[in-house]
Amino acid sequence: MPTNRRDFLRRGLGSSALIASTASVPLFLSRSAALLASEDTAADRDRVLVVIELNGGNDGLNTVVPYADEDYRRARPTLARSPDRVRKIDERIGLHSALGGFEKLLERGLLSVVQGVGYPNPNRSHFGSMSVWQSGRLNAKQDDIGWLARVSDRSQAAVGADPAALHIRESASLPQALSGGDLAILSLTGPEQFRRRTAAAGTDDDPAQQRRRDQLAPPVGEARGTLVDFVARTTATTDAAHARFSQLLDSSETSRQAGLRGRMSLIAQMIKAGLATRIYYTELAGFDTHASQAGTHPGLLSELGDSVQAFISDLAAAGEAERVRVLVYSEFGRRLTENASGGTDHGTVQPVFLAGGALRHPFIGSPPDLRDLDPDGDPKHSIDFRRIYATLLNDWLDCPSALVLGHNVEPLSLL
């Protein structure tokens, strides 16, 4: 598709916040971009995907609870949620009582629950199963290119443009989902790291910084994928991101909250500030509940539900929620039977959540059949996770799913 003046100003230069902080940009371009930004509406800007990884293996059976199932109660004499400790959806299932935020989203048609999600021959290793989920390939290795890295590579982002994807992290390194591609993906802990890196990088009008960027910029027409091109894109993208984020962090709205809610609030600020970034990724750790699960799991679910609900409400108030979808997943679920330490061990099946905008169905698929178990005593999956990816790729990110997943996968009727 040919690039017109409007696309050039939006994608090549970014919003007026970036231009105002870059002394070398001519005044007429700054004014043009500012006018363009004022004309933008949420409807004509790109769609955004926000991914939340529940690190450690979330106990799906105590998240979307089959409270009326006798097999569930029998397998979990101490951990089973009784009917008075769930937020009932119908006469069979309910959400954990800590998921008040998710209940509010369900009532507004802003949450979909995909039940019984997994994949054939499940891997119960954290690293092995995470590689499957994050690469989108069943025969995954830990150095395979991530599925979202493949999407980002197809964005053809201009040098110096907003990053195609951002990792807003708690403590972990860049996830495999964003690793291995041609484009540089920034992995940052939060607002204060932006401030430190911006201060260390120097000002945009520093002649030495400008010479460095000019020397690294590849010749016009040079093929992507070379070392020079990669370094140039990394440098220019980081410099541009620093300028954008510095403007953002100086605003009175910038979040100072901690935990997942703070990270989600920061992502909301970036979206509302007009960044062209289409993919955001963050995590919530602590779900490896081998012991004393009753004391830790409710707090994690409360943080998850409240953070996502606040995030969607924040975007809705700004008129941005319709162009944002949130995907929530974990590397696997937990075993049906509780262990002797008051916890649950690595399992298979889990529910996956989608939030934001008007979703087609509140529930997709059926709860796991607790009488039809695999040889290890775990529930069998009924929906392959790659069908969720195919739906998001085809219907949300406008990226042919076969190019990312390696073959055609039947999507779900979600969006």
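What's counted below: heavy atoms across the whole structure, side chains too, no hydrogens, waters or symmetry copies.
Residues Asn62 and Tyr72 have side chains that bring a donor and an acceptor to within less than 3.5 angstrom of each other. Residues Tyr281 and Glu53 bring a donor and an acceptor atom of their side chains to less than 3.5 Å of each other. Side chains of His290 and Asn339: a donor-acceptor N/O pair is absent below 3.5 angstrom, by distance only. Using a 3.5 Å distance cut-off with no hydrogens or angles, the side chains of Asp59 and Thr289 do not pair a donor with an acceptor. The closest side-chain donor-acceptor pair between Gln115 and Ser382, if any, does not fall under 3.5 angstrom. Side-chain contact check for His297 and Asn58: at least one donor-acceptor pair (N or O, by modelled atom type) lies under 3.5 Å. Of the N and O atoms on the side chains of Gln176 and Ser135, not one donor lies less than 3.5 Å from an acceptor on the other residue. Between the side chains of Ser97 and Arg81, at least one donor N or O sits under 3.5 Å from an acceptor N or O.
Leu300 approaches Ala285 most closely through the heavy-atom pair CD2-O, 3.4 Å. Shortest non-hydrogen contact noted between Glu331 and Ser129 is O-OG, 2.6 Å. Closest approach of Ala402 and Asn408 over heavy atoms only: CB-OD1, 3.4 Å. Contact detail for Leu61 and Pro368: the closest heavy-atom pair is CD2-CG, 4.4 Å. Pairing each heavy atom of Ala164 with each of Leu183, the nearest pair is CB-CD1, 4.1 Å. Across all their heavy atoms, Ile185 and Leu178 have their closest contact at CG1-O, 3.5 Å.
Contact of the Leu301 side chain with the Pro298 side chain is not registered, since no non-hydrogen atoms from C-beta on lie closer than 4.5 Å. Side chains of Val64 and Pro367 form no contact here, defined as non-hydrogen atoms less than 4.5 Å apart. Counting heavy atoms from C-beta on, the side chains of Gln309 and Arg108 come closer than 4.5 Å. The closest side-chain heavy-atom distance from His167 to Leu186 is not below 4.5 Å. Leu414 has its side chain within reach of Val114: a pair of non-hydrogen atoms, C-beta onward, lies under 4.5 Å apart. No side-chain heavy atom of Arg387 sits less than 4.5 Å from a side-chain heavy atom of Pro411. In this structure the side chain of Trp396 never reaches within 4.5 angstrom of the side chain of Arg278, judged on heavy atoms. Side-chain contact between Thr348 and Arg335 is absent, with no heavy-atom pair separated by less than 4.5 Å.
Side-chain rings of His346 and Phe332 approach one another, their centers coming within less than 6.0 Å. Aromatic rings of Phe102 and Phe353 (six-membered ring for Trp) have centroids within the 6.0 Å cut-off, being under it.
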Residue pair Asp378, Val349: steps toward the side-chain contact (heavy atoms from CB on, under 4.5 Å) verdict: CA-CA 8 Å; Asp378 286 322; Val349 174; over 6 Å; no
side-chain contact (heavy atoms from CB on, under 4.5 Å) for Val117 and Ile388? Distances and angles first, verdict last. CA-CA 9 Å; Val117 182; Ile388 301 173; 4.1 Å; yes
Report the C-alpha separation of Ile52 and Val308 in whole Å, then their side-chain angles, then the decisive distance to 0.1 Å, and conclude whether the side-chain contact (heavy atoms from CB on, under 4.5 Å) test is met. CA-CA 9 Å; Ile52 303 175; Val308 175; 3.7 Å; yes
Evaluate Leu106 against Leu95 for side-chain contact (heavy atoms from CB on, under 4.5 Å), listing each step before the verdict. CA-CA 10 Å; Leu106 267 178; Leu95 297 176; 3.9 Å; yes
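Not one N or O on the side chain of Ser341 forms a donor-acceptor pair closer than 3.5 Å with the backbone of Ala291. A donor-acceptor pair under 3.5 Å is absent between the side-chain atoms of Asp71 and the main chain of Arg371, judged by distance alone. Side-chain atoms of Arg47 do not come within 3.5 Å of backbone N or O of Val324 as any donor-acceptor pair. One N or O on the side chain of Ser152 and one on the backbone of Leu148 form a donor-acceptor pair closer than 3.5 Å. Here the side chain of Arg150 pairs no donor or acceptor atom with the backbone of Leu403 at under 3.5 angstrom. A donor-acceptor pair under 3.5 Å is formed between the side chain of Ser330 and the backbone N or O of Leu54. In terms of modelled atom types and a separation under 3.5 Å, the side chain of Thr282 and the main chain of Arg169 share no donor-acceptor contact. No donor-acceptor pair closer than 3.5 Å links the side chain of Asp314 to the backbone N or O of Ala317. Glu338 contributes a side-chain N or O that, together with a main-chain N or O of Thr78, makes up a donor-acceptor pair within less than 3.5 Å. Between the side chain of His361 and the main chain of Phe363, no donor-acceptor pair closer than 3.5 Å is present.
Rounding to the nearest 0.5 Å places CG of Leu138 at 10.0 Å from CG of Leu405. Going from atom CG of Asn55 over to atom OH of Tyr329 covers 8.5 Å, rounded to the nearest 0.5 Å. Here the CG atom belonging to Asp153 is positioned 7.0 Å from the CD1 atom belonging to Ile145, to the nearest 0.5 angstrom. Atom CZ of Arg154 is separated from atom SG of Cys399 by 4.5 Å, given to the nearest 0.5 angstrom. For the atom pair CG of Leu260 and OG of Ser307, the computed distance is 4.0 Å after rounding to the nearest 0.5 Å. Atom CZ of Phe287 and atom CD of Gln350 lie 10.5 Å apart (nearest 0.5 Å).
The existence of a salt bridge linking Glu103 and Arg87 is confirmed by a sub-4.0 Å separation between a basic side-chain nitrogen and an acidic carboxylate oxygen. Electrostatic pairing of Asp376 and Arg124 counts as a salt bridge here, judged by a charged N lying under 4.0 Å from a carboxylate O. The pair Lys380-Asp369 does not count as a salt bridge, with every side-chain nitrogen at least 4.0 angstrom from each carboxylate oxygen. With respect to Arg76 and Asp69, no salt bridge is recorded, no charged nitrogen being found less than 4.0 Å from a carboxylate O.
Counting heavy atoms of neighbouring residues, nucleotides and ligands inside a 6.0 Å radius, atom CG of Asn121 does not exceed 12 of them.
For the salt bridge (charged side-chain N to carboxylate O under 4.0 Å, His left out) condition, no pair includes a residue of residues 342-352, sequence neighbours left out.
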